[in-house]
Amino acid sequence: MNEPGHLEAVDKTDFEHTLHVALNTPDIREALQKPTAQVTAEQLRARALTAADTIAAEAATEYAALLWLRTAAAPAPTGGPRQPTPATAGNGLLAALAVLTPVLSAAAAAIFLLLGYGLQLAGAQQPLAIALIRAGWVAGAVAVLAAAAAGAALVITAARHRATFRNPQPDAASLAQAHAAWRQALLERGLLPFLRRELHQPPTPAPQSRPASPPAQRNASPGYSSPDFTGPSLPSRD
């Protein structure tokens, strides 16, 4: 999930469009046209773009809803032919068994019972007839249990489809509505209060560079003059 206030690249253009709308609201435009205005429209725009994430955090709830709908409505990535996974293959095998088991068990039960009771009525091979009758009843019980399991699986599948129908995937209309709600919240709770505050903030003066001090003389005297080194005066011969 995206961090609150941190805009995705695709939404930064919408932020700039909403900023343009905010700068052209009557009170902002009138304040910028006053002679006493301390900032210009370009300075306000630059400040808002610098503080884009901070401003967008004021509409974080609407932006999170927009991101959720956008992710849910995004189509699945398409590529080459999708290979069946082992889980998918297993589910298909179970579905086939759920359909075939009741049918085959019922057919086997009918055959065993017909043969068993036919032999019993004919009075021939009584042990075989009894075994066929027992096998037929076992196959019938298996058919009933398999049919019950298949019916339960059908009910569960229908319930899942009903839940999907009650919670449909977001469409383009709901996505556009969430997008409009985010931009409105961004304008009313984020950009307009920020611009109104910044209207009364004077521009930050650029730092002035100090003039370079003159280079010190290498042989400057430390506050006193050097002594006068003149030769000693010679006495006169007179």
Side-chain angles (χ1 to χ4, degrees), residues 1-83 85 87-88 91 156-208:
M1 180 65 70
N2 198 0
E3 295 180 2
H6 184 71
L7 295 177
E8 293 186 352
V10 68
D11 298 316
K12 291 183 178 180
T13 303
D14 289 329
F15 181 88
E16 294 181 3
H17 289 168
T18 311
L19 174 59
H20 179 74
V21 174
L23 288 172
N24 285 276
T25 52
D27 60 327
I28 301 294
R29 188 171 62 249
E30 182 180 355
L32 289 173
Q33 291 175 354
K34 290 181 178 180
T36 58
Q38 301 187 28
V39 291
T40 63
E42 290 301 324
Q43 290 172 341
L44 274 183
R45 177 182 175 84
R47 293 181 186 182
L49 291 177
T50 303
D53 290 342
T54 303
I55 297 172
E58 300 296 331
T61 303
E62 289 80 4
Y63 190 57
L66 173 62
L67 292 180
W68 184 87
L69 286 174
R70 184 183 295 167
T71 304
T78 57
R82 186 177 181 180
Q83 299 294 332
T85 60
T88 306
N91 292 335
I156 293 174
T157 303
R160 289 179 179 176
H161 283 291
R162 190 178 300 112
T164 304
F165 179 75
R166 290 179 180 176
N167 300 297
Q169 294 295 325
D171 54 1
S174 59
L175 186 61
Q177 184 177 2
H179 188 267
W182 169 64
R183 290 189 61 171
Q184 188 68 23
L186 179 65
L187 176 66
E188 295 179 353
R189 300 203 307 265
L191 284 168
L192 288 178
F194 176 83
L195 295 179
R196 287 164 183 160
R197 288 194 306 266
E198 293 297 321
L199 279 172
H200 305 288
Q201 298 293 331
T204 304
Q208 298 180 356

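Values reported hereafter were calculated over all heavy atoms of this structure, with side chains retained and with hydrogens, waters and symmetry mates removed.
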State which residues pass side chain to side chain contact (heavy atoms under 4.5 Å, CB included) with Glu16; sequence neighbours excluded, sorted by chain then number. Arg45, Leu49
For Ala22 and Leu187 the tightest heavy-atom approach is CB-CD1, 3.6 Å
Run the side chain to side chain contact (heavy atoms under 4.5 Å, CB included) test against His20 and tell me which residues pass, sequence neighbours left out. Asn24
Within the 4.5 Å heavy-atom criterion, are Phe194 and Leu44 side-chain neighbours or not? no
With heavy-atom distances below 4.5 Å as the criterion, would you say the side chains of Leu32 and Leu199 are in contact? yes
Using side-chain heavy atoms (C-beta onward) and a distance below 4.5 Å, is Tyr63 in contact with Leu186? no
For the residue pair Ala37 and Ala31, what are the closest heavy atoms and their distance? CB-O, 3.5 Å
Search all heavy atoms of Asp14 against all heavy atoms of Val10 and return the closest pair with its distance. OD2-O, 4.3 Å
Among all residues two or more places apart in sequence or in another chain, which pass the side chain to side chain contact (heavy atoms under 4.5 Å, CB included) test with Thr40? Glu42, Gln43
Glu198 and Val39: which non-hydrogen atoms are nearest, and at how many Å? O-CG2, 4.0 Å
Please list all pairs passing the salt bridge (charged side-chain N to carboxylate O under 4.0 Å, His left out) test where one or both residues lie in residues 186-196, with sequence neighbours left out. Asp27-Arg196, Glu62-Arg189
What one should report as the nearest heavy-atom pair of Ala48 and Leu195 is CB-CD2, 4.4 Å
Nearest 0.5 Å, please: how far is CD1 in Ile28 from CD in Gln33? 12.0 Å
Looking only at heavy atoms, what is the nearest atom pair of Leu66 and Trp182, with distance? CD2-CE3, 4.0 Å
Just how far is it from atom CG of Leu23 to atom OG1 of Thr18, taken to the nearest 0.5 Å? 11.0 Å
Rounded to the nearest 0.5 Å, what's the gap from CG on Asp11 to NE2 on His6? Could you check? 10.5 Å
